[in-house]
Q: 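Take this structure, written in structure tokens, and hold onto it; I'll ask about it next.
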Amino acid sequence: SWGTCVIPMTYDGQWHIIAVFIVALFIIQIGFTNLILSVIVDGAASTREEDATLKQREKEKQEEEDLKHFLGIMKRIDLDGSGSISIEELMQGYEQDEETQFMLMELGLDERDLKK
């Protein structure tokens with residue numbers, strides 16, 4: 001036990017050894033606490049990195065779905081089936097199709113921009 005180590009030192013009047021022992025014990029406790037904290041922080045950083053990667057993948061997937069949706073709308077308003085959209089087809093799609101209006105407004109375009 002600790003008493004077997006410390007009590008003989010107190011009888012001999014060696015208080016400086018006890019002070020060194022207490023300081024060493026304190027430093028060891030701080031070291032272990034620091035070690036535990038570093039493991040926790042490392043785990044949190046790893047989880048954060050995985051979360052950022054997952055969010056990036058989800059964003060890329062959403063962009064791909066949005067692009068497919070956009071191309072579907074463009075095919076729908078291509079009335080003559082030429083594979084390209086004339087300004088008349090775009091205007092007609094804008095005027096008649098709410099989804100086309102919404103998509104173009106999401107891109108920051110309104111009817112004035114299309115008429116320019």
Q: Which atom names give the shortest non-hydrogen contact between L90 and I85, and what distance separates them?
A: N-CG2, 3.7 Å
Q: Which residue pairs pass the salt bridge (charged side-chain N to carboxylate O under 4.0 Å, His left out) test with at least one member in residues 84-97, sequence neighbours excluded?
A: R76-D97
Q: So which heavy atom on D113 is nearest to which on L109, and how close?
A: OD2-CA, 3.4 Å
Q: Remaining members of I27's ILVMFWY cluster at a side-chain heavy-atom cut-off under 4.5 Å?
A: V23
Q: Apply the hydrophobic cluster definition, ILVMFWY joined by side-chain contacts under 4.5 Å directly or through others, and give me every member besides V20.
A: none
Q: With rounding to the nearest 0.5 Å, note down the distance linking OG in S86 to CG in D80.
A: 6.5 Å
Q: Treating D78 as the side-chain partner and S82 as the backbone partner, does any N or O pair qualify as donor plus acceptor under 3.5 Å?
A: yes
Q: For the pair M103 and M74, evaluate side-chain contact (heavy atoms from CB on, under 4.5 Å) and give the outcome as yes or no after the intermediate values.
A: CA-CA 10 Å; M103 179 202 52; M74 292 296 111; 3.3 Å; yes
Q: First locate atom CD of Q92, then atom OG1 of T100, and finally report the distance between them rounded to the nearest 0.5 Å.
A: 10.5 Å
Q: Between side-chain atoms of residues 63-70 and protein atoms elsewhere (two or more places apart, or another chain), which donor-acceptor pairs fall under 3.5 Å?
A:
residue	atom	partner	partner atom	Å
D66	OD1	Q62	NE2	2.9
H69	NE2	E99	OE2	2.6

Q: Look at the side-chain heavy atoms of Ile, Leu, Val, Met, Phe, Trp and Tyr, link any pair under 4.5 Å apart, and say whether Y94 and I87 land in one connected group.
A: yes
Q: As an exercise, state the distance from CZ of F102 to CD1 of I73, rounded to the nearest 0.5 Å.
A: 9.5 Å
Q: What's in the same ILVMFWY side-chain cluster as V39, cut-off under 4.5 Å, chained through other members?
A: none
Q: Throw together a table of side-chain donor-acceptor distances under 3.5 angstrom for residues 47-56, partners on residues two or more places apart or in other chains.
A:
residue	atom	partner	partner atom	Å
T47	OG1	G43	O	3.0
T53	OG1	E49	O	3.0
Q56	NE2	E60	OE2	3.2

Q: If hydrophobic clusters are built from ILVMFWY residues whose side chains come within less than 4.5 Å, do L107 and M91 share one?
A: yes
